[in-house]
Amino acid sequence: MTAHTISHEPVMLAEVLSVLKPRDGGIYVDGTFGAGGYTRAILDKARCKVVAIDRDPDAIRVGRVLVQTYGERLTLIEGRFGDMQALLSDTGAVDGVALDIGVSSMQIDEAARGFSFMRDGPLDMRMSQEGATAADAVNTLAPEQLSRIIHIFGEEPRARAIARAIVRARTDAPITTTGALVAAVERATGRRRPQDRIHPATRTFQALRVHVNGEFDELVAGLHAAEKLLAPGGRLVVVTFHSLEDRIVKRFFTSRAGKLPSASRHLPETEKRPPPSFELPFKGHLEASTTEIARNPRARSAKLRAGIRTQAPAMPSIAGEIGVMH
């Protein structure tokens, strides 16, 4: 890990800044600090303050370079963005929150972190570097649990065959490296062919990463926390890279803008529909430009959704309202 990674430009940076609209004197939260791209751009755009959050201690350590540059305008916090309301309890209302829901370039590029099937390394995948690893999951979970994780979190149609192949492989020897997991997956799917758009292990690695880090629960918690933290007129901007994450964000903004049907048609209208807590600055989502995609293929799947906080109180959470299948 070197300081040069702090210059990494995140996906859809121009669009994020255009929607977030940083202003002088504002307070903004970069909930997924990563390599610091959003934070640096926000601080350069206006004479404002940024509170940057990341659960990865490596990201916080590298980010101290930016603190030397921006001084008291930047505060780094090691923690989960789903806990941002508690982490910012002394800050008060904020003017904007930016979330990039994906693995940071630093994590992908470091083979020892175990996020990438393109680099052989320990099968880890923990963003916080604490708790159970992906190796723990593939070596201990029952075949049915593995299959369900790979099917739901990875949207992998061959989940059962892959789970069986993993179980067969681990009976010979524990699966402790990314290369060993790729080999197990390929026994079920075959090796990548020239015409294949994605590697056969892509969805399995995504599913295990989501499982190990509790990413969907974290996203839901982060959306609710941002809703409570934002001042009226404050902006929430979220960039996702996978359909399940985008589905969660889409349903959140749709419900908070008053676009979803109420839970019960038998309730009085005033109880059925609390006042919208967000207005939508544009319909649907934004996508990366063709120029950016040519420069950075990772941007191809990115979707940006956003909301502007109204003066209405934050809406209560409804069980299953914006969740993915459990």
Side-chain angles (χ1 to χ4, degrees), residues 1-17 19-20 22 28-45 50-70 73-84 87-88 96-116 118-119 124-130 205-206 209-210 212-216 218-219 221-223 225-226 236-242 245-246 249 288 292 295-299 301-304:
M1 186 88 53
T2 58
H4 81 274
T5 56
I6 205 71
S7 65
H8 167 74
E9 181 179 326
V11 167
M12 298 189 70
L13 177 60
E15 291 83 357
V16 168
L17 291 176
V19 178
L20 193 64
Y28 299 88
V29 178
D30 181 354
T32 48
F33 177 69
Y38 286 159
T39 289
R40 180 191 289 273
I42 294 167
L43 290 168
D44 287 345
K45 190 73 172 178
V50 171
V51 179
I53 302 169
D54 204 295
R55 69 164 93 174
D56 188 341
D58 283 351
I60 298 300
R61 185 172 64 253
V62 173
R64 294 192 182 116
V65 174
L66 288 187
V67 176
Q68 295 173 11
T69 302
Y70 294 99
R73 293 175 58 204
L74 173 59
T75 301
L76 291 177
I77 299 178
E78 183 178 335
R80 295 170 176 263
F81 69 82
D83 298 328
M84 73 174 81
L87 294 174
L88 276 69
V97 175
L99 299 175
D100 177 344
I101 311 302
V103 183
S104 78
S105 61
M106 293 190 301
Q107 292 166 336
I108 293 174
D109 293 342
E110 187 110 2
R113 300 300 299 276
F115 285 97
S116 175
M118 301 300 290
R119 296 174 173 85
D124 192 316
M125 298 194 191
R126 298 171 300 170
M127 292 181 177
S128 64
Q129 303 183 35
E130 295 179 341
F205 270 68
Q206 173 191 320
R209 191 200 78 219
V210 169
V212 166
N213 295 289
E215 291 182 33
F216 293 156
E218 180 80 0
L219 174 55
L223 295 171
L236 172 58
V237 182
V238 188
V239 178
T240 61
F241 296 88
H242 299 295
E245 297 162 345
D246 179 61
V249 177
E292 180 175 3
R295 186 176 69 245
N296 180 8
R298 180 173 176 257
S301 60
K303 293 181 179 180
L304 185 155

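Just so it is clear, the model here is predicted, and its values are computed rather than measured.
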>> Using side-chain heavy atoms (C-beta onward) and a distance below 4.5 Å, is Ile101 in contact with Phe81?
In response: yes
>> Which heavy atom of Tyr28 sits nearest to which heavy atom of Pro22, and what is that distance?
In response: OH-CA, 3.3 Å
>> If I compare all heavy atoms of Gly36 with all of Leu66, which pair ends up nearest, and what's the gap?
In response: O-CD1, 4.0 Å
> Looking only at heavy atoms, what is the nearest atom pair of Leu236 and Ala226, with distance?
Replying inline: CD1-CB, 3.9 Å
>> Going by salt bridge (Lys or Arg N to Asp or Glu O under 4.0 Å), name the residues that satisfy it together with Arg73, two or more places apart in sequence or in a different chain.
In response: none
> By salt bridge (Lys or Arg N to Asp or Glu O under 4.0 Å), which residues pair with Asp246, not counting sequence neighbours?
Replying inline: Lys303, Arg305
> Distance-only, no hydrogens or angles: does the Thr75 side chain make a donor-acceptor pair with backbone N or O of Val51 under 3.5 Å?
Replying inline: no
>> Test of understanding: with side chain to side chain contact (heavy atoms under 4.5 Å, CB included), list the residues that count as partners of Arg55, not counting sequence neighbours.
In response: Arg80, Met127, Ser128, Asn213, Glu218
> Tell me, do Tyr38 and Leu99 make a side-chain contact under 4.5 Å, heavy atoms counted?
Replying inline: no
>> Within this structure, what is the OG1-CD1 distance for the pair Thr32 and Ile53, rounded to the nearest 0.5 Å?
In response: 9.5 Å
> Should Leu88 and Ile77 count as side-chain neighbours, where that means a heavy-atom distance under 4.5 Å?
Replying inline: yes
>> Tyr70 vs Val50, test: side-chain contact (heavy atoms from CB on, under 4.5 Å). Steps then yes/no.
In response: CA-CA 10 Å; Tyr70 294 99; Val50 171; over 6 Å; no
>> With a 4.5 Å cut-off on side-chain heavy atoms, are Pro10 and Leu13 touching?
In response: yes
> With sequence neighbours excluded, what pairs up with Val212 under the side chain to side chain contact (heavy atoms under 4.5 Å, CB included) test?
Replying inline: Arg126, Ala134
> Who pairs with Leu304 by side chain to side chain contact (heavy atoms under 4.5 Å, CB included), at least two apart in sequence or on another chain?
Replying inline: Met12, Glu15, Val16, Val19, Val237, Val239, Phe282, Leu286, Ala306
>> Ignoring hydrogens, what is the shortest heavy-atom contact between Ala52 and Phe33? Give both atom names and the distance.
In response: CB-CD1, 3.4 Å
> Distance-only, no hydrogens or angles: does the Asp30 side chain make a donor-acceptor pair with backbone N or O of Thr39 under 3.5 Å?
Replying inline: yes
> Which heavy-atom pair separates Ala225 from Gly82 by the least distance, and what is that distance?
Replying inline: CB-O, 4.0 Å
> Can you tell me how far CD of Glu245 sits from CD of Gln206, rounded to the nearest 0.5 angstrom?
Replying inline: 7.0 Å
> Does the side chain of Thr69 reach to within under 4.5 Å of the side chain of Leu74, using non-hydrogen atoms?
Replying inline: no
> Side-chain contact, heavy-atom cut-off 4.5 Å: Leu223 with Val238?
Replying inline: yes
> Can you name the nearest heavy-atom pair linking Gly96 to Leu20, along with the distance?
Replying inline: CA-CD1, 3.9 Å
> For Glu292, which residues count as a side chain to side chain donor-acceptor pair (under 3.5 Å) partner, sequence neighbours excluded?
Replying inline: none
> How would you list, by chain and number, every residue that makes a side chain to side chain donor-acceptor pair (under 3.5 Å) with Thr240, sequence neighbours excluded?
Replying inline: none
